Amino acid sequence: MKFYSLIIKNQKLHMTTKVVKVLKYLGLFSIVFFTIISCEKEIESIGVNLVDNNNFSTSKLTTEVITANENVDRVISSGVPQYLLGVYSDTEFGKLKASIVSHISPPVIGNDYNYGVNAAIDSVIVYIPYQSTRDLENYSGGKPKFIIDSVFGDSNVEFKLNVYELKTFLNTLDPEDPSKLAVYYSDKEFLKGENTLFSGSFKVNPNDTVAYIKRYMPDATTFYDIDTIKQTNLSPSIKIPLDENMIQQIFVDNAAGSEFSSIDDFQHFFRGLYIEAEEMTNDKSHLLSLNMLNANITIYYSNDEDEGADIDLNDNGITGEQGVRIKHEYVFSFGSLKSNVLERDNTNIKASGDDRLYVQGAAGSIANIEILGSENLSDLRGNNWLITDANLIFYVDQNASSNIVPEQLFLYNYDDNEQILDVMTEGQLAVGGFLERDEAGEPYRYVFKITDYISELLKSDEPLDLVKLGLKVYSASDTPISITDTTIKNFSWNPKGVVLFGDNINAGDKRVKFEISYSEINN
């Protein structure tokens, strides 16, 4: 049944016209749909005797493949689902340093933003939730434990975090076309303040689920209580304490001024945070992938309430010699506009040549592939073959020292920056590109099925032109969401990478392969 479905589909593909690419894709979807429906009706009357009489023979052809590396200078790094933070390096891909910039949104503005009488800042903390999974099998003292997800590299090796006031204003609209949202790229240079709001070492801590806040009297030196602050779901988060004196000058001393009269005025006054990662040693460290959705700056402060106010303390304050002391907080959320700053040292990739292919995400590198030469294409078009399977196979160099191999790669039309035909007709799952492992569990190869693309390429009537293919680390945004979603988006936030064998003959049977399985009528 599958074999004759291919015959039916191939015959109908020859009847399609190239009006526009969108209509072609729509027609191909219809062909596949009606082929499936009509299969049961036509299977008894089409071709069964041909196979029984051995009128068809099947064969396999392996053709030449030409490959090359290409460095990716930058990718879109604003408005993405994930943001990277940290430093990762290895001998294969070099060093990748990832920092984050974001503007900040105030919780209230105008007269509603004030700190009351005799206010003292208790603490200022940047909260960035980890992406974590509750470990259902392990509890510590009856409390749940968590596993931090999306860590790349050695989480036991520290890196340095520096937090600065951002000095570059983040435009939400494109200055050249205000009708469009602004787009920031990973190589954008941002200005930062001269003094750090925080500077210190950082290491992933899955048990960082609680913040302890000392509450102070008006002299800002005598504390009267300690609060235990937990997330409602008890999950862990990165907690970065900021310099209280600098926050006092910026956020408290100017509270009554025009700087806090509107969100726009505030974001021009305080342009955001620059959270910078920096390596501490030559040891390999790690990167974190963070969604930043609930990241915020929380200013904890205490003040004296006005005399005669109706106060229900409820453990929120004390009454002492200096009056009633009440606990408060302001939560400044990270704004909608954030961007990654990605700095790479890929000297090793450039020096290695094209004997091996380096495919890495997050402004890393891609591979270019030419699967058929023009002479081979002309020869194949004259054979009147029925293409039953076409696979492009890449083998992993298991001697490469990198251990951040991605679970999926993505193949696309590099020349036109578009989806290949099979993704639109068969779907991403059918095309494949998933990591296969050998019997020892080691990364082995990636296989892409591009049968529809090759069948269309070899059609005798109005054949498609050859295009160069691109190979990149898969991101969720690479899968089309509709029949018209054919353009490849310039998103890449997954820093994983893999070293593959290219077209060099010295790779032996691990050399990249393009295999065509076909049937032809026996004379």
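For reference, positions follow the sequence shown, starting with 1. Every value quoted in this text rests on a predicted model; they were computed, and no experiment measured them.
- Among pairs with a residue in residues 147-172, those fulfilling ring pair (Phe, Tyr, Trp, His ring centres under 6.0 Å) read F159-F202, F159-H286, F169-H268, at least two apart in sequence or across chains.
- At a threshold of 4.5 Å between non-hydrogen side-chain atoms, the residues K338 and Y83 count as touching.
- For E343, the side chain to side chain donor-acceptor pair (under 3.5 Å) criterion is met by no residue, not counting sequence neighbours.
- Remark: Y474 pairs with T479 by the side chain to side chain donor-acceptor pair (under 3.5 Å) rule, at least two apart or across chains.
- For an aromatic pair to be called close, the ring centres must be under 6.0 Å apart, and F93 with Y88 fails this.
- Looking at residues two or more places apart in sequence or on another chain, you find a side chain to side chain donor-acceptor pair (under 3.5 Å) between S261 and D265.
- In summary, of the residues considered (L273, N296, I297), a side-chain contact (heavy atoms from CB on, under 4.5 Å) with F332 occurs for I297 alone.
- Relative ring orientation between F260 and Y113 is described as parallel, the plane-to-plane angle staying below 30° on a 0-90° scale split at 30° and 60°.
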Check: Between Y330 and Y300, does a ring pair (Phe, Tyr, Trp, His ring centres under 6.0 Å) hold up when you go through it step by step?
Finding: CA-CA 7 Å; Y330 276 131; Y300 298 95; over 10 Å; no
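- For the side chain to side chain donor-acceptor pair (under 3.5 Å) condition, the pairs that include at least one residue of residues 186-198, sequence neighbours left out, are K192-E276.
- For T62, there are no side chain to side chain donor-acceptor pair (under 3.5 Å) partners two or more places apart in sequence or in a different chain.
- Using a 4.5 Å cut-off on side-chain heavy atoms (C-beta onward), Y453 and L411 make no contact.
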